[in-house]
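All values below come from the heavy atoms of this structure, side chains included, with hydrogens, waters and symmetry mates left out.
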Amino acid sequence: MTEHRERKERKERAEPKERKERADALRNREAVLTAADDLFARGDSPRSVSMDDIAAAAGVGKGTLFRRFGDRTGLIRAVFETRIEPLRRAIETGPEPLGPDTPPRRRVPALLDAVLRFKLDNRHLSLALEEAGSGSPYQAAHYAWWHGTLRDTLGRVPGLADSDFTAHALLAATRADLVEHLTDPGLGGMTPEDMRARLADFAARVLGGEPA
């Protein structure tokens, strides 16, 4: 009985320390994600943001970044997932025009506009994500999710053949490196509004109708 009570007391003494460690870890994670998000937003290019810069801005040791996120690619993915989560919820469970109950001819251009607007608003983060890692960007989880959502919606459009390829072709127009090139003011690029309008027109032609 005494031994059982001692174990219980040791556990009770340990629990506040464990809770504090978990709270500290959560605060550190949020500080890192916030710092990385801000640096990618303000940086001259995605390549200019280093792990050292992020650690310094977050007020944590560089080792904390590697323990929590593994490497720079893992950190970029975590920032991206945090940023895109509200949009993902709107697409998976939200109302029209993004939600799953939207008629497909209306939802397809809305999905494309959403991904384009996200990349316009998060240019360097999106570029960093597409450039991260050594594998094909088309095998990345975020691309598979976008492609699957668009493919399934296209599959509900009457008379449209090969929704799988069409989804790839439409998403190609929203690649971050292409968006960056087409909107580069130094090259006389399009305004974001022009690019959104042209993408809507392109989607309408693919769907065989007028822009939504």
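- When every heavy atom of L112 is checked against every heavy atom of A203, the shortest pair comes out as CD1-CB, 3.8 Å.
- Using a 4.5 Å heavy-atom threshold, the side chains of I91 and W145 count as touching.
- For the atom pair CD of E92 and CG of L87, the computed distance is 9.5 Å after rounding to the nearest 0.5 Å.
- Remark: T64 OG1 to I54 CD1 distance equals 13.0 Å, nearest 0.5 Å.
- Considering only heavy atoms from C-beta on, N122 stays 4.5 Å or farther from I84 through its side chain.
- With rounding to the nearest 0.5 Å, the separation of CZ in R156 from OG1 in T102 is 8.0 Å.
- Here the closest heavy-atom approach between residue P109 and residue P104 is recorded as CD-O, 4.5 Å.
- A salt bridge links R89 with E85: the distance from a Lys NZ or Arg NE/NH1/NH2 to an Asp or Glu carboxylate oxygen falls below 4.0 Å.
- In plain terms, the two heavy atoms of A36 and V79 that are nearest each other are CB-CG2, 3.7 Å.
- Residues V115 and L111 fail the side-chain proximity criterion, which asks for heavy atoms closer than 4.5 Å.
- Contact of the R77 side chain with the H142 side chain is not registered, since no non-hydrogen atoms from C-beta on lie closer than 4.5 Å.
- A 4.5 Å side-chain heavy-atom check between D201 and L199 finds every atom pair outside the cut-off.
- Scanning all heavy atoms of the two residues, the minimum distance from L98 to R107 falls at O-NE, 2.7 Å.
- Inter-residue side-chain proximity for L171 and T174 is flagged as met; some heavy-atom pair is nearer than 4.5 Å.
- Ring geometry for H147 versus H168: interplanar angle under 30°, hence parallel rather than tilted (30 to 60°).
- Residues P97 and A110 come closest through the heavy atom pair O-CB, 3.6 Å.
- Between R42 and D38 there is a salt bridge, with a side-chain nitrogen of the basic residue lying less than 4.0 Å from a carboxylate oxygen of the acidic one.
- Interatomic distance, L120 CG to M195 CE, rounded to the nearest 0.5 Å: 6.5 Å.
- In the hydrophobic cluster analysis, where Ile, Leu, Val, Met, Phe, Trp and Tyr join through side-chain heavy atoms closer than 4.5 angstrom, L178 is grouped together with L150.
- Side-chain atoms of I76 and F69, non-hydrogen and from C-beta on, never get closer than 4.5 Å to each other.
- Here the CZ-CG distance, from F40 to L75, works out to 6.5 Å after rounding to the nearest 0.5 Å.
- The CG atom of L65 sits 10.5 Å away from the CG atom of D71 when rounded to the nearest 0.5 Å.
- Residues L127 and W146 are members of separate hydrophobic clusters, defined by side-chain heavy-atom contacts under 4.5 angstrom among Ile, Leu, Val, Met, Phe, Trp and Tyr.
- Between N28 and R68, the closest side-chain pair of non-hydrogen atoms is not below 4.5 Å.
- Remark: D152 engages no residue in a side chain to side chain contact (heavy atoms under 4.5 Å, CB included) (not counting sequence neighbours).
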task = Go through the steps to decide whether R123 and V179 satisfy the test side chain to side chain contact (heavy atoms under 4.5 Å, CB included), and finish with yes or no.
result = CA-CA 8 Å; R123 291 168 46 241; V179 171; 5.6 Å; no
request  = Evaluate the side chain to side chain contact (heavy atoms under 4.5 Å, CB included) criterion for residues K119 and E130: first the C-alpha distance (whole Å), next the side-chain angles of each, then the deciding distance (0.1 Å), finally the verdict.
outcome  = CA-CA 11 Å; K119 292 187 177 183; E130 289 186 1; 3.0 Å; yes
Full working for side chain to side chain contact (heavy atoms under 4.5 Å, CB included) between L207 and L154 = CA-CA 9 Å; L207 295 172; L154 287 164; 3.9 Å; yes
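- Contact record, S163 with G155: CB-N, 3.7 Å, taken as the closest heavy-atom pair.
- With ring centers used as reference points, F118 lies under 6.0 Å from F80.
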task = Take V108 and V206 through the side chain to side chain contact (heavy atoms under 4.5 Å, CB included) test and state the conclusion after the steps.
result = CA-CA 10 Å; V108 167; V206 169; over 6 Å; no
